[in-house]
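All remarks here apply to the structure that follows.
Sequential numbering from 1 along the given sequence is applied to the chain's residues.
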Amino acid sequence: MENIILTGDRPSGKLHIGHYVGSLKRRVELQNSGNFDKIYIMIADAQALTDNFDNPEKVRANITEVALDYLACGIDPNKSTVFVQSHIAELTELTFYYMNLVTLARLQRNPTVKAEIKQKNYELSLPMGFLTYPVSQTADITAFKANTVPVGEDQLPMLEQAREIVRSFNGLYGETLVEPKAVLPENKSCLRLPGTDGMAKMSKSLGNCIYLSDSADEIKRKVMGMYTDPNHIKVTDPGDTQNNPTFIYLDAFASDEHFARYLPEYACLEEMKAHYERGGLGDMKVKKLLNAVMQETLEPIRLRREELAKDIPAIWDMLYRGSEEARAVAAQTLSEVKKAMRIDYFSDRK
Ligand code: ATP
Ligand code: MG
């Protein structure tokens, strides 16, 4: 069996450091590992429209922003096929057939979708497209016969749903689709990076993000204003590092070399954490280190991004090439699906 990756992001905003540690960084490593036969990276505009249908301009504008974020982080269009979801009508057709293999009750049980519905206060105005987006995500994954999907933790229910649909399809119509597996970040802090406000997840829709494109000043302002341990009032108070986003970010980004460079009084993060936990270490010092680490990490990405942003037509060219290539692959899978379902009535007439 071929080793194929499908992964992607919704163009509902620019990408942030949660995307970077949760999925982007891993994708670049996998891309450069040489272990994969094909890598597809999808800008999920049709999925973004399920909760932004009243603002297609926002989705349109963010397609190039997300593509710039990809390239700035090291996605190489010669090694990975980057494409736009809505260009590929075959994905919608696959979704339509997969819808029959899922019940309403099953969709309503998806914990990620459930949390998102609550967060958006949809109640009775819940768009059907939004509720069914895990089914369309199954179409995205299976259209490319992907066996590997590098994602953040919030996507595990989507992968479970995809595996169920694949098993159900193959059971009913014969072995056709490939069962995918999620690849999560190895570092626990990266599974679901919290927001700068301490909310459980940094999310484009929540406005609690440090973006890959933020200026040096914005990064500093956001880091200095971050939520920490609310019970750590005086420097001498013992502090909590577990639920404290400043330490979670350091877990995700800081290395021993950073300590040697910026704060040599500690050899490593564990020593600094121990000091904070027993009391005597102020938030300001933690934030100053975090700011230095974030600046060092994000500066090269920002500079590459600024260069790439000078030629937006070249970005659309890359997306068009990738989308055409991806479309041919999805069309092949769709014809196999229709054959398996015995609805390929006119295939002999071509
Ligand atoms: P939206 O709020 O519009 O859903 P989002 O910030 O959740 O946006 P997505 O495009 O839905 O971003 O997710 C893209 C990928 O990034 C997924 O694999 C998701 O698991 C991962 N991801 C998103 N946010 C985080 C986070 N805070 N920490 C780790 N991974 C994340
Ligand atoms: Mg999301």
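Take Tyr133 and apply the ring-ring contact (aromatic ring centres under 6.0 Å, His included) test, not counting sequence neighbours, and it matches Phe130.
Ring-centre distance between Phe253 and His258: not below the 6.0 Å cut-off. For Tyr173 and Phe169, the ring centers sit closer than 6.0 Å to each other.
A salt bridge between Arg167 and Glu175 is absent, with no side-chain N of the basic residue lying under 4.0 Å from a carboxylate O of the acidic one. The existence of a salt bridge linking Arg327 and Glu324 is excluded, since no basic side-chain nitrogen approaches an acidic carboxylate oxygen closer than 4.0 Å.
In the model, Lys58 has a side-chain atom that pairs as donor or acceptor with a side-chain atom of Asn52 under 3.5 Å. Tyr320 and His87 form no side-chain donor-acceptor contact under 3.5 Å, judged by distance and modelled atom types alone. Between Gln85 and Gln47, the side chains place no donor N or O within less than 3.5 Å of an acceptor N or O (distance only, hydrogens not considered). Side-chain contact, Asn231 with Asp240: no donor N or O sits under 3.5 Å from an acceptor N or O.
Within a 6.0 Å radius of CE in Met224, other residues, nucleotides and ligands contribute more than 12 heavy atoms. Within 6.0 Å of CZ on Arg60 lie no more than 12 heavy atoms contributed by other residues, nucleotides or ligands. Under a cut-off of 6.0 angstrom, the local environment of CE in Met341 is crowded, with over 12 non-hydrogen atoms contributed by other residues, nucleotides or ligands.
Formation of a donor-acceptor pair under 3.5 Å by the Tyr98 side chain with backbone atoms of Val166 is not found in this model. The closest donor-acceptor contact from the side chain of Asp37 to the backbone of Glu2 lies at 3.5 Å or more, if one exists at all.
Under the 6.0 Å distance and 45° angle rule, Lys38 counts as a cation-pi partner of Tyr40.
One finds the CD atom of Glu65 at 7.0 Å from the CD1 atom of Ile312 (value rounded to the nearest 0.5 Å).
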